[in-house]
Amino acid sequence: MVLLYLLPGSPVRISAHPPVLKPSIYALRKLLHRRQNYSNTRRLPMTAVKAGLQLPGVLKEAVSAFQLSPPTWESAILSNTLIFLAGSPLLFVGLTTPGIGAAFLLGSLSWRAFGSRGFFAVVIYYLIGTGATKLKLKQKEAEGVAEKRKGRRGPSSVFGSGAAGCLCALGSIFGLGGIAFRNLWRLGFVASFCTKLSDTVSSEIGKAYGKTTYLITNLSVVPRGTEGAVSIEGTLAGLVASILLAYTCCLMGQVDSAGAIICVISSQLANILESQIGASLQDKEGFKWLNNDVVNVINISSGTAFAMLLKWFLG
C-alpha cells in the first residue's frame, strides 16, 4: 500500500501509479508479456504434433485396410494398389506391363483369401525368383538359355505360375469343402508357390552355375538349359529356396511346421515330375503345345495336389 501525504491547498494529481513505481511496474508488465509469448511458443510444437496426427482420409483408409481381418474385396484391392504403386520400380524389373496387370489380379485375390501374410508370401516368391532369373543374365543370353525379354515375365507366365494358387484362394474365399478344407486351401496355396519358387531357382541357378547337367531320364550329360536336365547346384538351390519360403510362411502362421515340411516334400516331387515331362515329351512330335507355361501349370498343380493329399491322408 502506498500512502501519500499532501499539504493543504496544494494541487492533487491522481495517478494510477506513483512516478517512483512506474518503471518497476512497466518492467513487470514487459516481463509478464514476454513470458506469455514464450509460453505460447512452447505450446506451438505440441499443437503442430497434434495436427500432424490428424491423418488424411485416404491414409486412414489405407491403414484400416491393412489391419482389417478378415479382409474384404475393398480392403484387398486398396492395399494391393498402394503396395503396387510403392513397389512399381521393382515390379518393372521382373514383369512386363501386362504382366504387372496379371500380378495385380493375383495379389488382390491372395490378399482377399489369406490376408496380408498370404500376399507377402507371394512377394517373397517374386523377389527371390526375379533375383535368381537376373543372375549372370548376359552369360545366359550368350548361351541362348535366358528367359525372354531379359527375364521380364508376361501375363501368361504370371497366370501359369499362379493358377493353382488362385484356385486355392477361390476355394478359401467361397468356403468350398467347408471347415474341413479351410486349412487345406491355405496349405495348397503355400505349396504352389514353394513348388514354383523351387522350380525357378533350380533352373536359373543351374543355368548360371551348374558345372554338369544331366538328363533326368537316363543321367546322360547334356548342355545347360536342356529341357528335363538337372544339376547338383540347381537342385540344391531349389531345395533351399523351397525350405526358405515354407519356413517363412510357417513363421507368418500360414502353415504349421508339419505343413511346411509337406510343402517342401511336395515341391520336390513336383519338380521331379516336371523334369520327367520336359525330358520325355516337351518339344517332341505331337507335343508342340506343351510349352513352358503349360508345363509350369502341370508342375505347380502337381505340387499343390501332392501337398493337399499328403495332409489329407496324414491328418
Side-chain angles (χ1 to χ4, degrees), residues 48-134 149-175 182 185-186 188-190 192-194 196-197 200 241 244-255 300:
V49 169
K50 289 180 179 179
L53 292 176
Q54 302 299 318
L55 299 176
V58 175
L59 191 54
K60 279 186 177 180
E61 290 182 11
V63 173
S64 299
F66 271 86
Q67 297 175 342
L68 189 62
S69 180
T72 62
W73 283 112
E74 291 80 5
S75 68
I77 293 173
L78 176 58
S79 301
N80 202 32
T81 300
L82 294 175
I83 291 174
F84 266 59
L85 290 174
S88 56
L90 283 175
L91 290 171
F92 279 105
V93 170
L95 298 169
T96 62
T97 302
I100 292 176
F104 181 84
L105 295 177
L106 173 60
S108 298
L109 192 59
S110 300
W111 195 299
R112 172 62 180 84
F114 305 113
S116 59
R117 296 176 181 181
F119 175 87
F120 283 113
V122 183
V123 172
I124 294 169
Y125 150 75
Y126 170 76
L127 293 175
I128 297 177
T130 300
T133 302
K134 298 296 183 179
R149 301 179 293 269
K150 294 187 178 298
R152 296 177 68 207
R153 302 177 189 272
S156 60
S157 179
V158 173
F159 285 127
S161 301
C166 286
L167 289 176
C168 289
L170 289 171
S172 177
I173 291 170
F174 293 107
R182 181 181 301 170
W185 292 127
R186 189 182 299 272
F189 178 82
V190 173
S192 71
F193 287 100
C194 284
K196 179 52 186 171
L197 181 61
T200 299
L244 178 62
L245 182 56
Y247 178 68
T248 303
C249 289
C250 182
L251 291 179
M252 292 192 298
Q254 291 297 292
V255 293
I300 301 166

Distance in Å, Y126 OH paired with F120 CZ, rounded so as to fall on 0.5 Å steps
15.0 Å
With a 4.5 Å heavy-atom cut-off, do L109 and I173 have their side chains touching?
yes
Tell me, with the steps shown, if R153 and S161 meet side chain to side chain donor-acceptor pair (under 3.5 Å).
CA-CA 10 Å; R153 302 177 189 272; S161 301; over 6 Å; no
For residues 80-104, which side-chain donor-acceptor pairs fall under 3.5 Å, sequence neighbours excluded?
from: N80; atom 1: ND2; to: F104; atom 2: O; distance (Å): 2.8
from: N80; atom 1: ND2; to: S108; atom 2: OG; distance (Å): 2.8
from: T81; atom 1: OG1; to: I77; atom 2: O; distance (Å): 2.7
from: S88; atom 1: OG; to: L85; atom 2: O; distance (Å): 3.2
from: T96; atom 1: OG1; to: G99; atom 2: N; distance (Å): 3.1

On a heavy-atom basis, the closest approach of C168 and G188 is SG-C, 3.6 Å
Counting only N and O atoms by type, is there a donor-acceptor contact under 3.5 Å from the side chain of T200 to the main-chain atoms of L197?
no
Measuring from S110:OG to F193:CZ, what's the distance to the nearest 0.5 Å?
5.5 Å
Any side-chain heavy atom of C166 within less than 4.5 Å of one from F159?
no
Which distance, rounded to the nearest 0.5 Å, do you find between the CZ of R112 and the CG of L170?
10.5 Å
Rounded to the nearest 0.5 Å, the CG atom of L245 sits from the SG atom of C194 at a distance of 4.0 Å
Working for side chain to side chain contact (heavy atoms under 4.5 Å, CB included), residues L78 and W111
CA-CA 10 Å; L78 176 58; W111 195 299; over 6 Å; no
How close do S172 and A113 get, counting heavy atoms only, and between which atoms?
OG-O, 3.9 Å
Roughly how far, to the nearest 0.5 Å, is OG of S157 from CZ of R152?
12.5 Å
